[in-house]
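First the proteins, then the strands, lettered A, B, ... as listed; each starts at 1.
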Amino acid sequence: MIHRIRGVKDVLPDDISLWYTAEQAAHRLAQSYGFKEIRTPMFEDTSLFVRSIGGETDIVEKEMYTFPDRDGTSLTLRPEGTASVVRAFIENRLLNTPTSRKLYYIGPMFRHERPQAGRFRQFHQFGVESIGSPSPMIDIEVISLLWRFFSSLQIDGLALEVNSLGVSTERQQFKDALLGFLVPISANLCGNCQRRMHSNTLRVLDCKVPSCRTATAEVPTLSSFLSSSSSDHFQQVLEGLDLLNIPYVLNHRLVRGLDYYSRTTFEVTCHSLGAQNAIGAGGRYDGLLETLGGRPSPGVGFAIGLERVISVLPESVILPPTPLVYVAGFGQNGQQSGMCVLEALRANGIMADTDFQSSTLKTHLRSADRLGATLTIILGDDECQNGQAILRNMSSKQQEFLPIDAVPDTLKTRLSS
RNA sequence: GUGGGUGUAGCUCAAGGGUAGAGCGCUGGUCUGUGGCUCCAGAGGUUGCGGGUUCAAAACCCGUCACUCACCCCA
């Protein structure tokens, strides 16, 4: 038997309503904030990701699905969405199109990591990108959308953390200072931190090992390295969040793994998720467009992991299935008549089905029950004779007669009410 | 890439050297024009795979693969 690839999942019919629920919420919320959907290819020129995400990051160093095209060009399955959207934004000159500066996407991403709870090699993200404005109002708008998405799905146990990483020069100064602080005390750090203090200095800040926490308790804070303009920007973001009653926690140790982030960064975690508890995260990326050859334009966005959302979705928000009408046509004429009624129902947009294996009323009703039908049309030879079909309510067992011709119209009005 | 846990019926799991089982699900009957419930019957297994120890292995040993959780990192 050929098995599915490690780290990927089949979404089976029983679970698809979870996905509809999350995806519909994403479309509805993003559009209500004025974002337009964009669909970019799932693979790109490898250099797009190397340049945007950063060559030193784990994603680029060891997690990308990269392969040569037939002409030798190096292609990569997208590990995240921002790079592709920004590329498309530049390439299609969307800066000149006022309606296309706020974009959202939903789709699969690919990273070659060891799978674990909440982490897959093909996973799905809902993300937004707002490009072209440096205003802190945009940061607030994006964070608001992020937060409202989770609230609309009634997901509990969430925490929003925010921080400012400053612009790249500020961050570099901080990084140098941090390294200067860490080197003398490196003996007190865990093995991981001793290694990454050189490769990924900022990461040491959010190490969970208690001894590292105490060793770095007196570390210089990033905020003291911010210029007044970065600092003002951040203050305005925080004030905006207060104004909109979005609860957040300041976390000076919050860092992000991708090189392109600048200034505002944020992350939403959910403590019912397990070790991989980040459910959504994002930030500003003011230098990214320039890096990718576009006109310098600021941007801010987020990405939400849909598998993680779905795993904590409360029962109460899952979209109910569309009511199903079962057609039980049996006997010489009933079978044919049933076929016509079934066709007519479907032509009227009503979800209708039957089981052609069933040949008696009993087996039909059992099939109707198994398929979860809410209504059943009973059409035997007697009913054909009278021109009256029986409409049976499957939960109340109540039955009534309906002229066969009137079945589609009657059900149409009844199911819509 | 590293470490732990687990692989037995479609699913959830028993059997810890001596004939491979239960519950749920599935098929049929009870019930030839009224589903779910009851009762009865039936189908379904190379115990992940390969090797070893033994008179005898699902069980013990070695290898391998898969799943899973955690580290790293991230949504």
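Checking A:Leu391, A:Asn348, A:Val341 one by one against A:Leu411, the side-chain contact (heavy atoms from CB on, under 4.5 Å) holds for a single residue, A:Leu391.
Annotated as anti: B:rG4, whose glycosidic dihedral deviates from 0 by more than 90°.
Sequence neighbours left out, the pairs with a member in residues 153-191 of chain A that pass ring pair (Phe, Tyr, Trp, His ring centres under 6.0 Å) are A:Phe174-A:Phe225. Evaluation of the ring pair (Phe, Tyr, Trp, His ring centres under 6.0 Å) test over residues 144-165 of chain A, restricted to residues two or more places apart or in two chains, returns A:Phe126-A:Phe149.
Shown here are the side chain to side chain donor-acceptor pair (under 3.5 Å) partners of A:Ser358, two or more places apart in sequence or in another chain: A:Asp355, A:Ser367. Shown here are the ring-ring contact (aromatic ring centres under 6.0 Å, His included) partners of A:Tyr104, two or more places apart in sequence or in another chain: A:His27. With sequence neighbours excluded, the residues forming a ring-ring contact (aromatic ring centres under 6.0 Å, His included) with A:Tyr65 are A:His112, listed by chain and number. For A:Ser74, the side chain to side chain donor-acceptor pair (under 3.5 Å) test picks out A:Thr46, with sequence neighbours left out.
Here, B:rU12 and B:rA75 have their C1' atoms 31 Å apart, quoted to the whole Å. Taking atom C1' on both B:rG16 and B:rA58, the two are 10 Å apart, rounded to the nearest angstrom. When the P atom is used for both B:rG21 and B:rU27, the distance is 24 Å, rounded to whole Å. Rounded to whole Å, the P atom of B:rA14 lies 10 Å from the corresponding atom of B:rU8.
Residues A:Gln385 and A:Asp381 bring no donor and acceptor atom of their side chains to less than 3.5 Å of each other. Inspection of the A:Ser395 and A:Asn393 side chains reveals an N or O donor paired with an N or O acceptor under 3.5 Å. Counted by atom type alone, A:Asn277 and A:Thr269 present zero donor-acceptor pairs between their side chains at under 3.5 Å. Between the side chains of A:Ser223 and A:Thr221, a donor-acceptor pair is found at a separation under 3.5 Å. Looking only at atom types and distance, the side chain of A:Ser164 has no donor-acceptor partner in the side chain of A:Thr264 under 3.5 Å away.
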Dot-bracket notation for RNA chain B, counting Watson-Crick and G-U pairs under 3.5 Å, with | for partners on another strand: (((((((..((((....[..)))).((((.........)))).....(((((..]....))))))))))))....
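Of all heavy-atom pairs spanning A:Ser144 and A:Ile246, the tightest one is CA-CD1, 3.5 Å.
Without hydrogens or angle criteria, A:Asp45 side chain to A:Leu48 main chain gives no donor-acceptor distance under 3.5 Å. Between the side chain of A:Arg263 and the main chain of A:Gly166, no donor-acceptor pair closer than 3.5 Å is present. Here the side chain of A:Arg121 pairs a donor or acceptor atom with the backbone of A:Glu113 at under 3.5 angstrom.
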Under 4.0 Å protein heavy-atom contact, by nucleotide of nucleotides 26-40 of chain B - B base, S sugar-phosphate only: -S---B-BBBB----
Footprint string (nucleotides 63-75 of chain B, 5' to 3'): B base within contact, S backbone only, - free, heavy atoms under 4.0 Å: ---SS-SBBBBBB
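Between the OG atom of A:Ser168 and the NZ atom of A:Lys175 there is a distance of 9.5 Å, given to the nearest 0.5 Å. Between the CG atom in A:Leu313 and the CD atom in A:Glu315 there is a gap of 9.5 Å [rounded to 0.5 Å].
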If you restrict it to nitrogen or oxygen atoms, what contacts under 3.5 Å exist between nucleotides 5-10 of chain B and the protein, and what is each distance?
none

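The stretch residues 309-320 of chain A has no heavy atom under 4.0 Å from RNA chain B, so no residue of it qualifies as close. Within residues 20-38 of chain A, no residue has any heavy atom closer than 4.0 Å to RNA chain B.
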